[in-house]
Amino acid sequence: MQIRQMRMGWAVGAALGLALAVGCGKEPGTESKVTKAAGDTTPVAKVAGKTISEQDVDDTMKQIPQHLQRDYDGARGKLRLIEQLVDRELMVKAADDAGLERNPVITKQVEDFKRGLLLQQYQKQLIDGLPKPAEAQIDEYYAKHPQEFVTPARENASWIKCATKADAEKARRRIVDRGEDFGTVARQVTTDKATQADGGLLGYFNPTGYIRSIPNDKRQDFADRVFALEAGDVSEVFAFDGAWALVKVHEKTTERQEPLEKARERIRARLTPTFTDSLLQAELVRLRTKYKPEILFDANKELENKSADELLKMATEAPNPRDKIEYYRGLVKKYPTHARADEAQFMIGFVYSEDLHDYESAKREFELTLKNYPNSDVAESTHYMLENLGRPAPADLLAPGAATLPQAGH
């Protein structure tokens, strides 16, 4: 019963989008442009003035989660899906008759959904308009990044770990001289609990990667020893990590270069343009120039009637670096001769440098600090920041969240 409710829940809840698609079906006596263009327009049901077509059923089926699709196999399953589409149309019709389409909440949600789809499509259009990687670019990328296309050598091996050399040699004789199965012997005698149940199986590993049961600091020595063997070899007994061990190699492959033709599509995907912030910002610059938006909200009103101390407190507590800059800038502009205006001017450059990593803006603000406040206590710190732009500021230059700067000489 619970599974049936889950499936019905999918049928009812999935598909605002599907209901809209089916709603584009034929009116009685008319032919849907959507279904005609999409495929088979053969009607399979009529409900509330709508026609549900074979194509509507196919489109719906594609959107059903794969693990539920088998419930709609065969003629009976198809009938169940058609009945669910009919049920959905009945509910949409009832909602329409009840005037819900005119409900302001519904209207806003539909409009928001539409705007979201338009935004996604516009972003896709921006990407589609960018030049795609040429075959020569793919060839060049492959040639310049050979290591990306190297499949490292790897081995599949098992091991036996024993407390003493005598125990390890006895185990090896059972395997090599008597022909006993390595995994069987390992399950009986190995002291490595992690691999015992698996007959000592270490699995696949490469010369520099993770190896099951092998400590990190011993991994390279172990790999060097194992990769000196060939497939089918059983190693001699060797000392290892305070114990004794032997290894059998089941399979071994050598390092190989992936051919260009096999890597071509992966490289193409990597070089194909994607939606980035720089692309977005460039497009927004173009759109602002074209449509000339006007922002009527004045954020600077919150700075009116604020004292210098209040502005400094707002700057110190602001979580956003750009807000910090605006509050410090407001203090400097409104109270240029205040005792702490030099600190505020310095902090504008400091936030640009340390929080935003905008070193050009930081340089400009630090130079303004020296120009307007040449004899300030922050002059030495300003010189230091100018000489070390791009390097982390020392902890004692400015304590995080501090309202004041250290005195010159710190």
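From a predicted model like this one, the values you see are computed outputs, not experimental measurements.
Not a single side-chain hydrogen bond (donor to acceptor under 3.5 Å, both in side chains) links K334 to another residue, sequence neighbours left out. Under the rule for a ring pair (Phe, Tyr, Trp, His ring centres under 6.0 Å), Y373 has no partner lying at least two apart in sequence or in another chain. In this structure E230 satisfies the salt bridge (charged side-chain N to carboxylate O under 4.0 Å, His left out) test together with K252, sequence neighbours excluded. By the salt bridge (charged side-chain N to carboxylate O under 4.0 Å, His left out) test, E236 pairs with R172, sequence neighbours left out. Applying the ring pair (Phe, Tyr, Trp, His ring centres under 6.0 Å) rule to H383 yields no partners; only residues at least two apart in sequence or on another chain are considered. Residues passing the salt bridge (charged side-chain N to carboxylate O under 4.0 Å, His left out) test with R225, sequence neighbours excluded: none. Listed by chain and number, the residues in a ring pair (Phe, Tyr, Trp, His ring centres under 6.0 Å) with F366 are F346 (sequence neighbours excluded). The ring pair (Phe, Tyr, Trp, His ring centres under 6.0 Å) search around F222 returns W159, F240, not counting sequence neighbours.
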Enumerate, atom names and distances included, each donor-acceptor pair closer than 3.5 Å involving a side-chain atom of residues 317-324, sequence neighbours excluded.
residue, atom, partner, partner atom, Å
E317, OE1, K313, NZ, 3.2
E317, OE2, K313, NZ, 2.8
N320, OD1, R322, N, 2.8
N320, OD1, D323, N, 3.4
K324, NZ, A315, O, 3.1
K324, NZ, T316, O, 3.0
K324, NZ, A318, O, 3.1

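A salt bridge (charged side-chain N to carboxylate O under 4.0 Å, His left out) check over residues 197-215, counting only residues at least two apart or in different chains, returns the pairs D198-R212. Among pairs with a residue in residues 288-304, those fulfilling side chain to side chain donor-acceptor pair (under 3.5 Å) read E302-Y327, at least two apart in sequence or across chains. Applying the salt bridge (charged side-chain N to carboxylate O under 4.0 Å, His left out) rule to pairs touching residues 185-196 yields nothing, sequence neighbours excluded.
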